[in-house]
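This report refers to the structure that appears directly beneath it.
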Protein chains: 2
Amino acid sequence: MYVTSGFFLGILSLYFGLNSPQMFSQATKYAIKSVIYIWTQSLEDRKVGAKEIGANIEAPEAFTAKILQLLTKAKIVGSIKGPNGGFFADESHAKYTLKDVVKTIDGDQLFAGCSLGLPRCSEKNPCPLHFEVVKVRTEIDHMLTAKSMKQLAVEVIKGNTRLAELV
Amino acid sequence: MYVTSGFFLGILSLYFGLNSPQMFSQATKYAIKSVIYIWTQSLEDRKVGAKEIGANIEAPEAFTAKILQLLTKAKIVGSIKGPNGGFFADESHAKYTLKDVVKTIDGDQLFAGCSLGLPRCSEKNPCPLHFEVVKVRTEIDHMLTAKSMKQLAVEVIKGNTRLAELV
DNA sequence: ATAATAAAAGACAATTAAATCCTTTATTAT
DNA sequence: ATAATAAAGGATTTAATTGTCTTTTATTAT
């Protein structure tokens, strides 16, 4: 009796299950870290390029550059082309919070709409999770609006929090 | 002067941005609704097939069947093959909550790990969101453990909540 | 025993998100 | 003006998630 050619295929078979949906998309995580990093540098009067940002937040440079385009278009940070250019933030950007960043990249589905996907879920017509989700969203809203991106950067500068692994 | 062939391509150009990460993956949403639906029927002593489940929770049948396999393997519901078979839930399944369902399909990344992806994020070494995320997760944990799947089904039977659109 | 039923399992296709690469545009220093 | 720099824009690739289809296995009624 011979071992069939399909023997090893079983090992490679795709395990369905074990996804990993998290609070934020990967793109939003990079966006949050990028904006905070830009602020840490702008508070010391340095403009930064996509390459430097990617390196400091441990994110792929090209993908980070795409995300920076969206953040710039949304006016959450500023950018200047050419030599001595780069991304920066100043007082005109000081009002923005995590919520603005998250909405720019992921949209508002973390805050709005039924968590089970029912089109007409409401107080009067709730899904099984409706009222508990309202409470969770209250906390999410607080998390995303409590501090400005600038304030979050100050904490990083102080060494109280960090954007990447320590070496 | 002629309109170039690429004219309409611009319209089709991919907008980067506007993703939609939500609290739960689509698979988990179907899983939650499936288990609650199975319970509503089991409480009236009916076993149900994947086809009926898919129809009643407004989910694709074949995909729902895959999810049911995982739920069955995790012993969150029971199943019996063959004529008069189907999915069901009884007192041996009465202890399970939303948290068990979510963990089975999505894993525990909604509750565990750094929301910004830092490998060694902790109280002593926190990311900028760490302490706020802890508070959000307390609420998420409450939402997912407050009631058993059976209790959620009772609310649906009573007409207090629902799993699909009303007609 | 046999046919019918329904879940389990596996392979595959489509869609969306993540990531990369190449070209164009704006700016600045020489 | 020209070369160098850096963001903006576009097209494409890769990977993960979502969704479908077909075959196999277990069970039950005839």
Side-chain angles (χ1 to χ4, degrees), chain A residues 4 6-22 24-31 34 38 46-54 57-74 77-88 105-107 109 117, chain B residues 6 9-22 24-31 34 38 46-54 58-74 77-88 105-107 109 117:
Chain A
T4 72
F7 181 76
F8 293 104
L9 282 176
I11 296 166
L12 293 171
S13 71
L14 198 92
Y15 273 104
F16 179 83
L18 292 180
N19 303 358
S20 11
Q22 291 173 270
F24 308 119
S25 70
Q26 192 58 258
T28 289
K29 288 183 201 173
Y30 295 153
S34 292
I38 290 167
R46 293 188 63 234
K47 283 199 277 294
V48 287
K51 190 171 180 174
E52 178 184 335
I53 296 170
I57 67 171
E58 292 165 350
E61 178 194 333
F63 191 43
T64 304
K66 280 291 174 200
I67 293 161
L68 289 166
Q69 282 182 28
L70 292 171
L71 293 168
T72 303
K73 211 179 293 179
V77 294
S79 74
I80 291 179
K81 287 182 179 180
N84 304 323
F87 297 92
F88 65 92
I105 312 295
D106 276 350
Q109 299 207 253
Chain B
L9 282 177
I11 296 166
L12 292 171
S13 71
L14 199 92
Y15 274 105
F16 180 83
L18 291 181
N19 304 356
S20 11
Q22 291 173 271
F24 308 117
S25 69
Q26 191 57 255
T28 289
K29 288 183 202 174
Y30 294 154
S34 292
I38 290 167
R46 292 187 64 235
K47 286 200 275 296
V48 287
K51 189 171 179 175
E52 179 183 335
I53 296 170
E58 289 165 354
E61 178 194 333
F63 192 44
T64 304
K66 281 292 175 201
I67 293 163
L68 289 167
Q69 281 182 29
L70 292 171
L71 294 168
T72 303
K73 211 180 291 180
V77 293
S79 73
I80 292 181
K81 286 183 179 180
N84 305 322
F87 298 92
F88 65 92
I105 312 296
D106 278 350
Q109 299 205 255

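Within every chain, numbering begins at 1; the chains are lettered A, B, ... in the order of the sequence lines, protein sequences first and strands thereafter.
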Assign A:A65 to base, sugar-phosphate, or nothing according to its heavy-atom contacts below 4.0 angstrom with the strands shown.
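Touches nothing.
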
Any base atoms under 4.0 Å from B:V77, or only sugar-phosphate, or nothing? Heavy atoms, all strands.
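Nothing, no heavy atom under 4.0 Å.
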
Pairing partner (Watson-Crick or G-U wobble, both distances under 3.5 angstrom) of D:dT23
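Base partner found: C:dA8.
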
Need the pair for D:dT30. Rule: Watson-Crick or G-U wobble, both distances under 3.5 Å, any strand; none if unpaired.
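Here D:dT30 is engaged in a pair, and the nucleotide opposite it is C:dA1.
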
Can you tell me which nucleotide in C:dA18, C:dA7, D:dT27 comes closest to the side chain of B:P83?
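Nearest to the side chain of B:P83 among the choices is D:dT27.
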
Restricting to non-hydrogen atoms, name the atom on [X] and the atom on [Y] that form the minimum distance, rounded to 0.1 Å.
X     : Y     : value
A:Y30 : A:I57 : O-CD1, 3.6 Å
A:A27 : A:F63 : CB-CZ, 4.0 Å
A:F87 : A:T72 : CE2-OG1, 3.4 Å

Value in whole Å for how far the [atom2] atom of [N] lies from [atom1] of [X]:
X     : N      : atom1 : atom2 : result
B:L68 : C:dA9  : CG    : C1'   : 14 Å
A:F24 : C:dA18 : CZ    : C1'   : 18 Å
B:F63 : C:dA9  : CZ    : C1'   : 16 Å
A:L70 : D:dA7  : CG    : P     : 15 Å
B:K29 : D:dG19 : NZ    : P     : 10 Å
A:Q26 : D:dT14 : CD    : C1'   : 15 Å
B:E52 : C:dT5  : CD    : P     : 16 Å
B:K73 : C:dA7  : NZ    : C1'   : 12 Å

Quick check: on DNA chain C, is the nucleotide nearest A:K81 upstream (toward 5') of the one nearest A:A62, or the reverse? Name the residue that is more 5'.
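Final value for this comparison: A:A62.
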
Please tell me if [X] has a side-chain N or O lying less than 4.0 Å from either OP1 or OP2 of [N].
X     : N      : answer
A:S79 : D:dA8  : yes
B:Y30 : D:dT18 : no
B:N84 : D:dA29 : yes

Donor/acceptor link under 3.5 angstrom from B:Q69 side chain onto base of C:dA9:
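Per atom types, the contact qualifies.
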
Would the base of D:dG10 count as contacting A:K66 through its side chain, where contact means a donor and an acceptor less than 3.5 Å apart?
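It does, because a donor-acceptor pair links the side chain of A:K66 to the base of D:dG10 below 3.5 Å.
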
If we ignore hydrogens and angles and just use 3.5 Å, is the side chain of A:D106 paired with the main-chain N or O of A:S25 as donor and acceptor?
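A pair under 3.5 Å: yes.
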
Taking the side chain as everything from C-beta on, heavy atoms only, tell me whether B:L68 gets closer than 4.5 Å to B:I38.
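Touching, per the 4.5 Å side-chain cut-off.
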
